[in-house]
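In what follows, a structure is listed as structure tokens, so that the remarks can point back to it.
Here the structure is a predicted model, which is why all the values come from computation and not from measurement. All residue numbers in this chain count up from 1 along the given sequence.
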Amino acid sequence: MDTTSAPLPGIGTLHVLAARDGHHVGVVRHNDDRRELVVYDPADPDTRLTGVLLSAEEARTLADLVGAAGPVTHCARLDRHAGGVAVLQVLIGPDSPRVGAPLAGTGVDGAVVIAVVRDEHVMPAPGPTFRCRAGDVVVVIGRPDAAFEVIEAVTAA
């Protein structure tokens, strides 16, 4: 299995998975948040056989179906900075046990939830009564090991 990514100027980014059986499947992440699932000809990986245009919600649902059995959350991004500090973002999916639950108690020594992004609005340092909704993006900062512990706490049942 191998993955590659390539920018598509004015469109977005193409991510291609070359499966062990020789098939190639791509995802175009459009700049407007749409996703396009692309299937390539096994005999010629540069030839597109078909594609399916997905909304952001459809893409998340497909990812959930393909990814695991049970509630799924997505670690959307990991940035590491000088000094061993990690910034993680995790999407709260519609089936997440965190939907409707508070974030209180998810911090650990060395990392903390610093913000939640909801409907393009950043809510810094959500208080103890804050309750998550499906579609929220929880932002965590701290040492990499501790930041992943917070993500585990945020996504735990």
Side-chain angles (χ1 to χ4, degrees), residues 1-99 103 106 111-124 126 132-155:
M1 177 182 72
D2 188 31
T3 59
T4 59
S5 296
L8 301 173
I11 297 171
T13 305
L14 171 64
H15 304 276
V16 177
L17 168 74
R20 288 185 201 111
D21 68 359
H23 286 87
H24 290 76
V25 178
V27 175
V28 178
R29 294 178 60 118
H30 290 261
N31 294 333
D32 64 1
D33 208 30
R34 292 175 301 143
R35 305 292 188 265
E36 186 174 1
L37 184 62
V38 182
V39 178
Y40 294 93
D41 185 343
D44 180 8
D46 293 326
T47 301
R48 174 185 161 144
L49 290 179
T50 191
V52 178
L53 192 60
L54 304 170
S55 69
E57 180 181 0
E58 291 166 333
R60 283 190 296 274
T61 300
L62 180 60
D64 288 350
L65 292 172
V66 172
V72 176
T73 57
H74 307 279
C75 189
R77 184 171 160 184
L78 166 63
D79 295 321
R80 290 187 186 223
H81 300 282
V85 175
V87 178
L88 292 157
Q89 299 179 31
V90 64
L91 174 67
I92 303 299
D95 296 328
S96 170
R98 188 57 61 180
V99 172
L103 285 172
T106 57
V112 66
V113 172
I114 60 165
V116 173
V117 181
R118 178 179 288 163
D119 300 324
E120 299 182 22
H121 300 286
V122 177
M123 296 174 279
C132 290
R133 293 185 195 161
D136 284 352
V137 176
V138 177
V139 183
V140 177
I141 189 167
R143 289 188 332 265
D145 61 320
F148 279 108
E149 279 186 59
V150 173
I151 292 296
E152 296 259 333
V154 166
T155 59

Less than 4.5 Å apart, side chain to side chain, heavy atoms only: is that true for [X] and [Y]?
X    : Y    : value
I114 : P124 : no
I92  : V116 : no
R98  : L103 : yes
V150 : V113 : yes
H30  : L53  : yes

In Å and rounded to the nearest 0.5 Å, what is the CG to NE2 distance from D2 to H24?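 These two atoms lie 8.0 Å from each other.
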Who pairs with E36 by salt bridge (Lys or Arg N to Asp or Glu O under 4.0 Å), at least two apart in sequence or on another chain?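 R48.
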With sequence neighbours excluded, tell me which residues meet salt bridge (Lys or Arg N to Asp or Glu O under 4.0 Å) with R133.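 Testing R133 for salt bridge (Lys or Arg N to Asp or Glu O under 4.0 Å), a comparison that skips the adjacent residues, returns none.
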[X]: side chain to side chain contact (heavy atoms under 4.5 Å, CB included) partners, not counting sequence neighbours:
X    : value
V25  : L37
L14  : L8, V16, V28, Y40
P42  : H23, L49
D119 : H121

Kindly write out the residues that satisfy side chain to side chain donor-acceptor pair (under 3.5 Å) with [X], not counting sequence neighbours, or none if the list is empty.
X   : value
D46 : none
T50 : none
T4  : none
R29 : none

Compare every heavy atom of V99 with every heavy atom of P94, then report the nearest pair and how far apart it is.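 Residues P94 and V99, closest heavy atoms: O-CG2, 4.1 Å.
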N31 versus G12, closest heavy-atom pair with distance: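 Shortest heavy-atom contact: OD1-CA, 3.2 Å.
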Knowing that exactly one of V117, V138, V140, V137 qualifies, which makes a side chain to side chain contact (heavy atoms under 4.5 Å, CB included) with Q89?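 Only match with Q89 under side chain to side chain contact (heavy atoms under 4.5 Å, CB included): V137.
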